[in-house]
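One structure is given here, and the rest of the page talks about it.
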Number of protein chains: 2
Amino acid sequence: MDWNLDDGRPIWTQLAEQLTRLIVSGEYPPGSRLPAVRELAEDAGVNPNTMQRALAQLEADGLAASNRTAGRMVTEDRVVIDTRRRDLAKKHIAEYLTAMAQLGYSAAEAAELLREGEK
Amino acid sequence: MDWNLDDGRPIWTQLAEQLTRLIVSGEYPPGSRLPAVRELAEDAGVNPNTMQRALAQLEADGLAASNRTAGRMVTEDRVVIDTRRRDLAKKHIAEYLTAMAQLGYSAAEAAELLREGEK
DNA sequence: ATTATTGTATTATTCAGTTAATACAATAAT
DNA sequence: ATTATTGTATTAACTGAATAATACAATAAT
């Protein structure tokens with residue numbers, strides 16, 4: 001997969017976000033097993049330590065838990081996952097509106113431009 | 001003013017973005033004089049070197065130019081400014097749609113949620 | 001003419017993020 | 001029982017971002 005590690009923010013932060021997206025979008029279903037730390041790290045082209053840090057964040061968020069040698073599992077709690085999905089959506093909506101407002105676009109204009117696709 | 005230096009990205013990047021917003025939104029009109037580097041730095045609570053770096057970016061973008069001791073002026077070229085404003089808007093639109101798509105929301109849903117405000 | 005203010009450049013230091021190279025304990029797989 | 005794989009921890013080194021402390025040249029203001 002394409003990990004898209006572009007902007008200047010810490011890599012482990014971006015990795016955590018990416019993993020979170022994979023979970024809330026269902027590509028890593030509830031209760032499923034995540035790839036091993038070393039495997040994920042190689043796939044993303046980062047140091048295992050960096051990936052470990054990202055995964056630690058996922059655990060802190062309650063999205064995953066590790067069973068030591070049995071690997072790491074996505075939480076079975078769909079409420080946690082869905083809540084996270086909705087919260088992220090709300091965050092993106094707010095950020096979009098704020099960004100557009102700072103450019104001088106009203107909320108109505110911001111919504112209208114979305115419908116047009118671009119311009 | 002509130003500079004909102006929050007996320008983990010380099011501060012000079014965020015400063016440049018903030019200054020750009022002030023210009024494209026018209027708070028720093030075309031041809032007007034920008035505050036001195038040291039003044040801006042103090043206001044933002046950052047080192048003058050860091051603010052200088054942000055301003056260098058603005059010049060590279062053609063949004064401002066320095067007249068040595070006469071201070072630094074916003075470009076008079078309204079086309080440059082307006083183009084930049086539109087490009088930033090397009091970027092935010094694309095980013096919003098991408099972010100929502102990664103969460104599993106269609107473009108229609110993303111637009112709908114905007115209209116509802118939240119949920 | 002003198003002074004203050006401007007943008008700019010330089011050097012050193014600190015700090016967080018990242019990589020690297022291991023090491024260890026637990027346990028699934030054989 | 002042995003081996004391989006798992007998550008985890010540790011230490012060192014490197015890098016870029018940021019701060020700090022200056023310094024300098026140009027010129028507007030006095």
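When reading the values below, keep in mind they use all heavy atoms of this one structure, side chains included, and skip hydrogens, waters and symmetry mates. Protein chains get the first letters and strands the later ones, always in sequence-line order, with residue 1 at the start of each.
The separation between Glu42(B) atom CD and dA20(D) atom C1' is 15 Å, rounded to whole Å. Separating the CD atom of Glu39(B) from the P atom of dT8(C) is a distance of 16 Å, rounded to the nearest angstrom. In this entry the distance linking CD of Gln57(B) with C1' of dG7(C) reads 17 Å, nearest Å. The interatomic distance linking Met51(B) (CE) with dA18(D) (C1') rounds to 13 Å, in whole Å. Atom CH2 in Trp12(A) sits about 9 Å away from atom P in dT18(C), given to the nearest Å. When rounded to the nearest whole Å, the span between CG of Asn67(A) and P of dT5(D) equals 19 Å. Distance Gln14(B) CD to dA17(D) C1': 12 Å, rounded to the nearest Å. One can place CG of Leu40(A) at 8 Å from P of dG7(D), the figure rounded to the nearest angstrom.
You'll find that the side chain of Asn49(B) is closest to dT19(D), out of dT19(D), dA18(D), dG7(C). Distances from the side chain of Ile11(A) to the nucleotides dT19(D), dT18(C), dT27(D) place dT18(C) closest. With distances taken from any side-chain atom of Asn47(B) to the nucleotides dT19(C), dT8(C), dT19(D), the minimum falls on dT19(D). Residue Ala36(A) has its side chain nearest to dG7(D) when only dG7(C), dT10(C), dG7(D) are considered. Candidate nucleotides dA21(C), dT18(C), dG7(D) were compared by shortest atom distance to the side chain of Ser66(A), and dG7(D) ranks first.
In summary, Arg21(B) and Glu17(B) engage in a salt bridge, as defined by a charged side-chain N under 4.0 Å from a carboxylate O. For Arg115(A) and Glu112(B), the salt-bridge test fails: no basic side-chain N is under 4.0 Å from an acidic carboxylate O. In this structure, Glu59(A) pairs ionically with Arg72(A), as a charged nitrogen and a carboxylate oxygen lie closer than 4.0 Å.
For Arg38(A) and dG7(D), a side-chain-to-base donor-acceptor distance below 3.5 Å is present, hydrogens and geometry of angles not being considered.
Residue Arg78(B) places its CZ atom among 12 or fewer non-hydrogen atoms of other residues, nucleotides or ligands, all under 6.0 Å distant.
Heavy atoms only, all atoms of each residue included: Met51(B) and Leu19(B) are closest at SD-CD1, 4.1 Å.
Between Arg9(B) and the phosphate of dA18(D), there is no side-chain N or O to OP1/OP2 separation shorter than 4.0 Å. Contact annotation: Arg68(B) does not reach the phosphate of dT8(C) (side-chain N/O to OP1 or OP2, under 4.0 Å). Between Thr50(A) and dT19(C), a side-chain N or O to OP1/OP2 separation shorter than 4.0 Å is present. The phosphate of dA18(D) (OP1 or OP2) has no side-chain N or O of Arg53(B) nearer than 4.0 angstrom.
Comparing Ala70(B) and Gln52(A) against DNA chain D, the residue whose closest nucleotide sits nearer the 5' end is Gln52(A).
In this structure, dA20(D) and dT11(C) make a Watson-Crick or G-U wobble pair, each of the two defining distances being under 3.5 angstrom. dA25(D) is paired with dT6(C) under the criterion used here, namely a Watson-Crick or G-U wobble arrangement in which both key atom distances are under 3.5 Å. Look at dT19(C): its Watson-Crick or wobble partner, with both distances under 3.5 angstrom, is dA12(D).
Counting heavy atoms from C-beta on, the side chains of Asn49(A) and Trp12(A) never come closer than 4.5 Å.
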